[in-house]
Each structure stands twice: as structure tokens, then as C-alpha cells.
Amino acid sequence: MNLFTELRALVIDSLNAMVAEGALPGGLDFANVAVEPPRDAAHGDMATNAAMVLAKPAKMKPRDIAEALAARLAADARITTAEVAGPGFLNLRLAAPVWQGVVGAALAEGVAFGRSVMGQGQKVNVEFVSANPTGPLHVGHTRGAVFGDALSSLLAYAGYDVTREYYINDGGAQVDVLARSVYLRYLEAHGEAVEFPDGTYPGDYLIEVGEALARTYGDRYVGQSEDAWLDEFRNVATDAMMDLIRDDLKALGIEMDVFFSEKSLYGTGQIEAALQDLQSKGLIYEGVLEPPKGKMPEDWEPREQTLFRSTMHGDDVDRPVKKSDGAWTYFAPDIAYHYDKITRGFDALIDVFGADHGGYVKRMKAAVSALSNGKVPLDIKLTQLVRLFRNGEPFKMSKRAGNFVTLRDVVDQVGSDVTRFVMLTRKNDAPLDFDFARVLEQSKDNPVFYVQYAHARVRSVLRKAAEAGIDTGEAALAGADLSKLDHPAELDVARKLAEWPRLVEIAARTHEPHRVAFYLYELASEFHGLWNRGNELPELRFLQEGDVATSQAKIALAQAVAVVISAGLGILGVTPVEEMR
RNA sequence: GCACCCAUAGCUCAGCUGGAUAGAGCGUCGCCCUCCGAAGGCGAAGGCCUCAGGUUCGAAUCCUGAUGGGUGCGCCA
């Protein structure tokens, strides 16, 4: 149930009626007519800009339109007042039963209250994490992982058919480096003293892989040249790393639908096919790129390469798809991979990258635009850095990983729920400060706690009600007389609840799950406010001694808050708590 | 040099397809527990939304330029 959608429909109906009776000219476009909560609550419950948007095309004064519309809307039972204000806003106040109805709807629909059909079942592919399979995930990946997963859940909640996908970069030079690093660990397992030169991976996590290989192959590869063992060691090592990564993701409650291997694109003609598609569109040519201005690579020399004419699709320069030795650049399999996504029939693609990959956004969009003939939109969300602290001091690195803090370091210390929520308390493109001590603080300074506390308080009310012998079962609350919720403070909470379905659509449309986290904080704040007013005004307490009917109505409101918090936390991948400890 | 991201209260940040007097938390100051959990709440002070133009009924929001910060820029993915 989306109250804003309902009222917008009422406004549009009224406008159509005005057209029918000649109060407005025909042929007007109502697309820009909006019904929104006013920024200042003193202006009313909802406002529409209809009169201002239509004034120009209708060649009428905004206030004239607004007044005619106001008269019409005021006739609706849901609307108590409709006043024209400012340059032509129409401010609406809604009757108490409307807000009481929101509470009823939240209870009746449960976590589905807020679910939207906006996505219309469109297939969306969300690619995220996609870390190189060369070691455990670190904090940067953690943010991308949480963001991608929450965005996926959000889109699913908004009616999209979502596929979570991970692209395994197992086809490039870095997995050869991995294999060599593992070989050193293999030698070490045979008692040799080894050193890890620059450019290899010295992390502890490869020790057991080396040991496993020593058990499997004995000393067969000791002293052998690289071509004897490279393929085998690479396969074993990348498999082991992907197991590690899957476990890391699982620790955050993330389950991918598809793991797509870069390597699987080689030798199957898929890269060639993708480039052939571009070729047939005249977008592939042999040429020489200009050196980048202002930053001349030391070993620059003009060189003819196979290039993708990405400038035809909004890029700044054309991009090479083949290296000078004839091998593919990393970009070529990326093109093939996105081509594969397109041919799998997705209506929209989303890539979640770290901010350090910002330079690839335009070329990737250019590729998708060219391959799909502009039909499949690609949105690329960049996640900014996470800065780690403990009590305000920068946090040190993990030994195990070599030189970075791992996802495990974070989850083991603060838990999955806290990690996830905190990662979503900033917009994706804003840097995030993560303080191990502060995120565990049990105070209102900590948004995780604050939201959880609101949920726990509702549970507490339910437990107290049970002790008092009040029936708070689903049926009892569904039958509660919600007209007893007539205090402005209670209706304010209901107003906040009414925003939830609208917020879901905004967050889904903008691909910004952090909005859910901020909303939950605001809802919790409304609830805590109401709770505390019970200190001064006994009639606002949720349990009214000797008055079961009123208690049930108030408990219904509390339960509606819990329902929305649960739904919101569910999207974020956070489990609501029953009580604080 | 070019591209992308960012610039909002002392600090950290929200701000809806452009809407009315720009919000929250922290910090500062003042208040509220014989009361379902005060692990909380209420209030006050605090602003040239970096700057300059433009678009329009209306701009923190869109466009152009400037300034300041971050990221990246052919044979690494």
C-alpha cells in the first residue's frame, strides 16, 4: 500500500475531471505532477505541485488551477483540508483514519508492506565483489559486497528479478603470480627456505595450499621449471582462493547466484564473437593511440594496436583490445563477459566497482551500449574507500593477509549485522570511516544500536503485554480498534510508516540502498520519541492498564513499526534483535 | 594535460524525477526517571549549501566556468 501513489491517482483523476468539464484545456501532460510530503510538516501532510506544473501549458494562473483542484479534492473523505499556498502549492491534510489505515495495512501485509511492483519483473544483473582470486577479501571488497547484496535485495523488493553475480578474474597474469607464490609455499613445505620477491603474494593463507600440493604431488615438482607445474598450481590455487572467498562472503550472509569465470571465455570463441559483433558495427580498427598528455609513460613508443572505437559511444579515447604481442587486453574478456550478460537477456545491468576503477566506467558503458544497440542500460556504482579506526586511532594491518585488513578481521570482531549496517550508513560514493570500537557502542551515537533498540523495545512491549494477559496475536491486532490511535504523536509515527513504500521506490530507482538505512534511523527516532512521551503523558504508553482495546491499538502501532524495521533490515541483510544485551 | 567522483552547521554526514523558512548525529549549553528499559527523550545556539554566471514561476539539486580535495589515464587485471 503506497499512500502517495493513491493520492497521486486521486489528483490525476480530479485533473481529468476538470478537463472533462472544461475547467482545464485538453491534451495536458500530467507526468510531472507530483504528490510528495512537504519539507516542512507545518505545511500539511502532502503537497502537490500540479497547479504550478500545469500553469504554463494550460495558459492559466497557478492559483486558479490550484483553487479549483482544491475544491474538488476537499470533497474526498480522506482529505480534511486542501489549501493553496505560496506560488501555487496545494497542501493537503489527511484525516486520521487514513493514517490509522496505514498501521492496519502494515500489520496485514507484514514485510510485504512496502514491496513494490515497480520493477515489473524485469531481469537485472548485479555484478559485485569480483575480486581477483588471489587471496581473502579485504575491507574494500567488504563494502562493495555489502552494497551489492543490499542493492540486489532492494531491487528484488521493488519487483525486479535479480541475479547476483561474481566475475572471477582467473584469466590474467595475476593468477600466474598466484601460482608462483603457491609454488614457493610448496617448496617451503618441502623444507626449503624461501623468500617472497616483490610482486608475489606473501600472505599466510597460501601456506596450506602449498602444503596440500606437497601432500598430493610429493617432491615431483621440486626443482622443476615453471612449465611443468604452472597450469596445475594455478588451477589448484584459484580453486582454493575461490573457496576462501566464498567462505568470506558466506560470513557476511552473501550468496551469489552465478560465479562467472573469465577463463571460460578463452578458447571458446566467445571473445572473438563479441569483438566480431563490434567489428560488424564498424567499431574495431587498427590504429595508433596518442600518448596521454601530461603524464608520459617512460617507455612510450607509438604502436599499432587493435582498437575499439569507444568514442562513438561516449568515451574520451578509443581503447585497445589487443596488446602489442597479439594477446587480448583485460578489456577484451570484459567486453565478452558483458556481451554474455546481454545475450542472457537481462533488461538492465549494474556493476559495482571500487572507486579505483572509476577510469573504466566510460569504456564499459560504451561497450555495453554498442553491443546492445543502446537497449540495455548499464549503471556502474563506485564504492569509495573505507578508513579503519579503533577509538579514533588508525587500525593496523592483518598479518595473515600480508598487508591489508581482511573481511574476516572485520566480521570476526564486530559481527555480520554490524558490519553490514555500518557499511550502508554512507552513500556509496562517499568515503566511510569505520571505527571498530564505536560501531559496537551501545548508545544513540551508534545507528546500528539505535535502530535495533527500537525493534527490541517493541518486543519488550509485546512481552509485557503477554504478562498482563493481553492478546497480541496476529488476529487480535488485526481486529484492534485503530481509531483509538488519535493522538498527534501517534499519528506522526504512522506518517513515517506511510513513507516506507515510497522510500523503497526512490531507493530502488536511484540504486541507493543507504537510503533504507537512513530511513530506519528516522523511523526509530520517531518511535523512541513516542516512547519517551509516555513518561509525561501516561495516555501515550503502549500498555493501558485495564483497557485491553486501547492497549491493543497502541501495540498494533508498535508492531507496525517493528514490521517495517524488520523489512528494512531484511533488505540490508541485518537480523533484527529481540532484546538488547 | 585529460576524464570521473566529491565540496552543505565547529566535526561527521543526509537532502526525493528542481519546490515553500536547508535537516540529523556528534560537540557546546539547558531540561526530563516514584513512569511499559533514561542503553532513551525534549529544547537552545550554530549556515553566503566553496565561488561566479546561466536555465525557470522556483536551484543545495540542472548547465557552463573557476577554486579546492580524491581517483584513474596504451603492452596490470
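Reminder, nothing fancy here: chain letters follow the sequence lines and each chain counts from 1. Heavy atoms only: backbone and side chains are in, while hydrogens, waters and symmetry mates are out.
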Can you check whether A:F147 and A:F128 have ring centres sitting under 6.0 Å from each other? no
Rounded to the Å, how far apart are A:Y453 OH and B:G40 C1'? 5 Å
Just call it for A:A468: base, sugar-phosphate, or nothing, with non-hydrogen atoms closer than 4.0 Å on any strand. nothing
Could you give the distance separating B:A9 and B:C5 at their C1' atoms, to the nearest angstrom? 24 Å
How close or far is atom C1' of B:C75 from atom CZ of A:R303, stated in whole angstroms? 5 Å
Where each residue is assigned the nucleotide of RNA chain B containing its nearest heavy atom, which of A:E36 and A:Q174 is assigned the position nearer the 5′ end? A:E36
For A:D315 and A:R319, run salt bridge (charged side-chain N to carboxylate O under 4.0 Å, His left out): C-alpha distance rounded to whole Å, both residues' side-chain angles, the deciding distance at 0.1 Å, then the answer. CA-CA 9 Å; A:D315 203 354; A:R319 304 292 177 176; 2.8 Å; yes
Applying ring-ring contact (aromatic ring centres under 6.0 Å, His included), name anything that partners A:Y285, two or more places apart in sequence or on another chain. none
Base, sugar-phosphate or nothing for A:A47? Non-hydrogen atoms, less than 4.0 Å. base
Looking only at atom C1', what distance separates B:U56 and B:G69, rounded to whole Å? 32 Å
A:Y450 side-chain N/O to B:G41 phosphate OP1/OP2 under 4.0 Å: yes
If we check ring-ring contact (aromatic ring centres under 6.0 Å, His included) with A:Y337, which of these qualifies: A:F331, A:F260, A:Y166? A:F260
Please identify which of these residues, A:H338, A:K381, A:K365, meets the side-chain hydrogen bond (donor to acceptor under 3.5 Å, both in side chains) condition with A:D351. A:H338
Give a yes or no on whether a donor-acceptor pair under 3.5 Å exists between the nucleobase atoms of B:G41, that is its base, and the side chain of A:N535. no
Ignoring backbone atoms, test whether A:R515 places a side-chain nitrogen or oxygen under 4.0 Å from the OP1 or OP2 oxygen of B:G15. yes
Please identify each residue that fulfils ring-ring contact (aromatic ring centres under 6.0 Å, His included) with A:F434, with sequence neighbours left out. A:F436
Could you check whether A:R390 pairs with A:E393 (Lys NZ or Arg NE/NH1/NH2 to Asp/Glu carboxylate O, under 4.0 Å)? no
Would you classify A:F449 as touching base, sugar-phosphate or nothing, given that sugar-phosphate means primed atoms plus P, OP1 and OP2, and contacts are heavy atoms under 4.0 Å? base
Contact class for A:F518 (heavy atom, under 4.0 Å): base, sugar-phosphate, or nothing? sugar-phosphate
Using a heavy-atom cut-off of 4.0 Å across all strands, would you classify A:R319 as base, sugar-phosphate, or nothing? nothing
Taking atom C1' of B:C62 as reference, at what distance in whole Å does atom CG of A:N32 sit? 14 Å
Where each residue is assigned the nucleotide of RNA chain B containing its nearest heavy atom, which of A:E304 and A:F331 is assigned the position nearer the 5′ end? A:E304
Would you mind pulling out the nucleotide paired to B:C62, Watson-Crick or G-U wobble, both distances under 3.5 Å? B:G54
What is the base-pairing partner of B:G72, counting Watson-Crick and G-U wobble geometry with both distances under 3.5 Å? B:C2
Between the side chains of A:Q270 and A:Y266, does any donor sit under 3.5 Å from an acceptor? no
Please measure how far the P atom in B:C6 lies from the corresponding atom in B:A45, and state the result in whole Å. 33 Å
Under a 3.5 Å cut-off for both contacts, is B:C26 paired Watson-Crick or G-U wobble with anything, and if yes, with which nucleotide? B:G10
Counting the atoms with a prime plus P, OP1 and OP2 as sugar-phosphate, which does A:K56 contact under 4.0 Å by heavy atoms, base, sugar-phosphate, or nothing? sugar-phosphate
What is the distance from CG of A:L90 to P of B:G58, rounded to the nearest Å? 21 Å
Within 6.0 Å of CG in A:D325, more than 12 heavy atoms from elsewhere: yes
Cationic N near anionic O, under 4.0 Å, A:E83 to A:R93: no
Would you kindly check whether a donor in the side chain of A:R502 faces an acceptor in the base of B:C16, or vice versa, at under 3.5 angstrom? yes
Below 4.0 Å: OP1/OP2 of B:A38 and any side-chain N or O of A:W531: yes
Under 3.5 Å donor-acceptor pair, A:N91 side-chain atoms to B:A20 base atoms: yes
In the structure shown, which nucleotide is the Watson-Crick or G-U wobble counterpart of B:C49, with both distances under 3.5 Å? none
With sugar-phosphate meaning primed atoms plus P, OP1 and OP2, does A:E522 contact a base, only sugar-phosphate, or nothing at under 4.0 Å between heavy atoms? nothing
Heavy atoms only, 4.0 Å cut-off, all strands: where does A:T425 land among base, sugar-phosphate and nothing? nothing
In this structure, how many angstroms lie between the P atom of B:G19 and the CG atom of A:L54, rounded? 17 Å
When the C1' atoms of B:A60 and B:A7 are compared, how many Å lie between them, rounded to an integer? 11 Å
How does protein reach along nucleotides 4-12 of chain B, written 5' to 3' as B (base within reach of a heavy atom under 4.0 Å), S (only sugar-phosphate), or - (no contact)? SSS-----S
CD of A:E526 versus C1' of B:G40: gap in Å, rounded? 15 Å
For nucleotides B:U64 and B:U55, find the distance between their P atoms and express it as a whole number of Å. 15 Å
What does A:H357 touch in the nucleic acid at a heavy-atom separation under 4.0 angstrom: a base, only the sugar-phosphate, or nothing? base
Atom CG of A:D315 to atom C1' of B:C73: distance rounded to whole Å? 11 Å
Please state the C1' separation for the pair B:G46 and B:G10 - nearest whole angstrom. 8 Å
Could you work out the separation of B:C63 and B:G70 based on their P atoms and round it to a whole Å? 24 Å
Classify A:S324 by what it touches in the nucleic acid, base, sugar-phosphate, or nothing, heavy-atom distance under 4.0 Å. base
Check the distance between B:G40's P and A:R457's CZ and give it to me in whole angstrom. 8 Å
Taking any heavy-atom pair under 4.0 Å as a contact, classify A:A456: base, sugar-phosphate, or nothing. nothing
What's the gap between B:A59 and B:A20 when it is taken at their C1' atoms, as a whole Å value? 13 Å
For A:K554, is there an ion pair with A:E490 - N to carboxylate O distance below 4.0 angstrom? yes
